[in-house]
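On a predicted model such as this, the values are computed, not experimentally measured, just so you know.
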Amino acid sequence: SSDLFPSHDIGGGEIAADMRSDGKYKPLTSSFCGGATPHLQNGDMPITAWRHPEATGIDQVIITEGSLKSLVTAVKYWRLNRNVVVIGKQIIGSSHTTVNEYLSQLGCDNIAIAPDAGAIEHKDGKPNQHIINAYRQIVETGKEANPSFNFSFLWWGQKTKSPEKHFPGIDIDDLGLDKIKSEVRNIGTETFFGMVENKTSAPIKYNVLENPNWDKEPNSQEYSKYLE
């Protein structure tokens, strides 16, 4: 992973940089002093993949945000099913080539995106367009890379984010095992994006594949808007 998570409470507190004027999570890079950027040789941002060492196969691949969240998610899911692989990526940013290559290596077409709470109803009650566009890009680039990929979204009612971390307005890594077993279900991409459309008066521009800025250095300001 290339993310830096300064922390005083690994047991469940908010983990992020103390100085957030240029973003909440900061990739490890020496580019500020003339060194390398955090990108891989193909231009993608690094990803993190968690696979249980005793897995006997792969039943599902879950894509979520970042290294730590994906690790916590994987550890919880492994208590229920060791044959789950969890991928952590920077949602807003380019790592699609690397993700799709890894998905092809795994040979599992059952792929579920775990959207964060508040993606559909953000601060103003409208969708977080940056993150919704990024979810759409994951699906579109994945289907272009391999038409057999079957994408879905994990859903437990997280339209809004709860400041007090009350269910269902919490992210996947905050769910207890009881909620994962009883409340989390898979919904289709059309169902998910249909809920998005019902929360906006104007069509959201999904065709972000033509955006020339995806392969540039991550925009910490834009990223922090999503994380707030």
Identify the residue among I62, V61, I138 that makes a side-chain contact (heavy atoms from CB on, under 4.5 Å) with I113.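 For I113, the side-chain contact (heavy atoms from CB on, under 4.5 Å) test succeeds with only one of I62, V61, I138, which is I138.
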Could you point out which residue of K179, K165, Q158 forms a side-chain contact (heavy atoms from CB on, under 4.5 Å) with D174?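 Of all the options given, the one that passes is K165.
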Heavy-atom pair of closest approach, residues A114 and T64: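 So the two residues come closest at O-OG1, 4.1 Å.
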State, to 0.1 Å, how close L71 and W50 come at their nearest heavy-atom pair, and which atoms those are. N-NE1, 3.4 Å
Any heavy-atom pair between the side chains of H39 and M45 that's under 4.5 Å? yes
Say whether D59 and N110, considering side chains only, have a donor N or O and an acceptor N or O under 3.5 Å apart. no
Under a 3.5 Å threshold, yes or no: a donor from one side chain and an acceptor from the other, between D44 and T98? yes
May I have the step-by-step check of side chain to side chain contact (heavy atoms under 4.5 Å, CB included) for T48 and I87, ending in yes or no? CA-CA 6 Å; T48 306; I87 294 176; over 6 Å; no
Are the ring centres of F193 and F153 closer than 6.0 Å?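 That pair passes the under 6.0 Å test.
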Honestly curious: do [X] and [Y] fall in one hydrophobic cluster under the side-chain, below-4.5 Å linking rule?
X	Y	result
M195	V184	no
I172	I120	no
W156	V86	yes

Hey, mind stepping through D116 and K161 against salt bridge (charged side-chain N to carboxylate O under 4.0 Å, His left out) and telling me if it holds? CA-CA 8 Å; D116 280 352; K161 181 179 284 291; 5.6 Å; no
Sorted by chain and number, sequence neighbours left out, side chain to side chain donor-acceptor pair (under 3.5 Å) with S182 holds for none
Is the number of heavy atoms from other residues, nucleotides or ligands within 6.0 Å of CD (Q41) greater than 12?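 Atom CD in Q41 is not crowded, with 12 or fewer foreign heavy atoms closer than 6.0 Å.
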Checking W155 now: which residues fulfil ring-ring contact (aromatic ring centres under 6.0 Å, His included) with it, not counting sequence neighbours? none
Just do the side chain to side chain contact (heavy atoms under 4.5 Å, CB included) check on Y135 and N133 with the steps written out, would you? CA-CA 5 Å; Y135 290 150; N133 285 349; over 6 Å; no
Is the Lys NZ or Arg CZ of K143 less than 6.0 Å from the centre of F151's six-membered ring, within 45° of the axis?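 No, K143 does not sit over the ring of F151.
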